[in-house]
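Structure, as structure tokens:
The basis for the numbers below is simple: all heavy atoms, side chains too, and nothing from hydrogens, waters or symmetry mates.
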Amino acid sequence: MAAASPGPAAPLAGPDPAQRAQAAQPADAADDDLPAFCARAAPRLQVFEVRPGRDTVLVAEQGTRLVVPGRAFDVPAGSGPVRRELREFYSTPDILLAGLSTATGAELLETGGMLHLQATAAGQPVALRPGARVLLQLPAAQRRPGMQLYQGVAASGHGLDWQLPAGTPAARSTGRWVALPPPKGARWPRFDNGDATLLKEFERLVPPSATDLARLKRRRALSKFERQQLKGLSKENHVTVTHAILISLAVDSTGTVREPRLVQGDSVLGAKIMAAATQLPRQRPASFKSILLPHGRRTTSPAQGVLVVLYARGGKRLVGITWLEMEKHTQELLVQEARRARAEFAKQFAGAAPLTLAGGLGYELVAGGLGWINCDRLLAPGPRVQFAVQAPGPATVVSLVFQGQRSILASTRTEGNTAVFEQVPDGAAATIVALRRENGVTYLATRGVSLGQPAPPSLQFHPVTLEELRTELARL
């Protein structure tokens, strides 16, 4: 796992967010360049240096994870480490101050987070090899169905347009929700001496018999599913599997097998195996580091599993237990922990602190290239209207922040002192955010509106420091 090395907090400047992410301009208090002023609050550039050919997991400051295959980058041999640079944009202040929007053409998107990725080797830009992919995990406060990976493409006059990668069906979600994993240190039931004890006891309780072999050799009709299952089991175990018997069972908190039930396989052999399962020696029960006990102490728990008995040609048997889940109370504790982690993560949207999440909740996306990447979902279409906002002058930057969803739009054009938004959802609730800078002072105006209603009265501006600006934007 690679950690980010300290990187300069380079400001964002210029008409294109991709260019702003690279530019470095002096912070002059008397400068009336609004993008340069906003860029001082840009998310920090995070730098990772990794040797080529080495599989790497990169963990960023705000919870983003990148799983990068060793030969993902197209670099010449002997070029030294690959320098990977990343910026994360999750909060409303970060997205607004970077001049980013959430739209694909005329359609509105809801974002789950934006990233800017690039890589260099020996001072030269490098790209992914053809066919190479990078796995991205973006933290999330709550699940939103339909999330997909969008790529940022420079759009004339208004920053970036987010587009699906070529060949991606618009109706198919490519994002996968990642649930909270089992507690750290979880241990499933086990016998002393492990599988050796299980095999020894199974052989004693269910000794091989000619009657069993003759029963298995009888001709029987196989369903398509069973044929595919036996083929997969044969490939997995490197032997031709002719019959599979599956017994569901529970192991209680004392390690005793309870409630065996035949799930699949010959009923006569299944009955013998179920009887044997209840006579197996007591196991060490499942246990985990409880979130309710101090100092990570362990607590025992019942568990659900499947006893698998595979018969191969020649009468050979393969025996094992696959554990599926812990009992209901333990599952409820996991759900409580997942909710707590989401709540802690969501709290940070109301402040200016970096977003962090230790619980592993988020979306998984697969990227086939670098640059601007956005985790979005396309919002339902509906009636559209044009919306105009009166501003003090053409240098005023006006945006809409939608309520109840993470969607932000910048005005598409300016007509005199009017900022125009085209094709916005009729009746949607939003907040107008207007920024301007005069004589080294930044002014902010916000106002709630219902799109499609009569134009609001003149905006009321007030001076703000950079810290005050981030705080007010975080409340939207």
Does Arg129 CZ have over 12 foreign heavy atoms under 6.0 Å away?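 Yes - once you tally the heavy atoms of other residues, nucleotides and ligands closer than 6.0 Å, there are more than 12.
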How about CD on Gln460, more than 12 heavy atoms from neighbouring residues, nucleotides or ligands closer than 6.0 Å, or not?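 Atom CD in Gln460 is not crowded, with 12 or fewer foreign heavy atoms closer than 6.0 Å.
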Can you check whether [Y]'s main-chain N or O pairs, donor with acceptor, with [X]'s side chain at less than 3.5 Å?
X      : Y      : answer
Ser101 : Ala410 : yes
Arg384 : Ala106 : yes
Thr104 : Glu107 : no
Ser407 : Leu109 : yes
Glu88  : Gln62  : yes
Tyr363 : Arg144 : yes

Distance (rounded to the nearest 0.5 Å) between [X] [atom1] and [Y] [atom2]:
X      : Y      : atom1 : atom2 : answer
Trp188 : Thr322 : CH2   : OG1   : 11.5 Å
Arg83  : Phe48  : CZ    : CZ    : 11.5 Å
Leu435 : Phe37  : CG    : CZ    : 8.5 Å

Can you check side-chain hydrogen bond (donor to acceptor under 3.5 Å, both in side chains) on Glu472 and His462, steps first, answer last? CA-CA 12 Å; Glu472 293 196 36; His462 62 279; 3.0 Å; yes
Decide whether Glu226 and Gln264 meet the rule of one side-chain donor and one side-chain acceptor closer than 3.5 Å. no
Shortest non-hydrogen separation from Pro302 to Ser253 and the atoms involved: CG-N, 4.0 Å
Which of parallel (below 30°), tilted (30 to 60°) and perpendicular (above 60°) describes Trp162 and Trp372?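 Plane angle over 60°, so perpendicular.
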Do Glu438 and Arg436 pass the salt bridge (charged side-chain N to carboxylate O under 4.0 Å, His left out) test, and can you show the C-alpha distance, the side-chain angles, and the key distance before you say yes or no? CA-CA 7 Å; Glu438 296 177 2; Arg436 61 187 176 90; 2.5 Å; yes
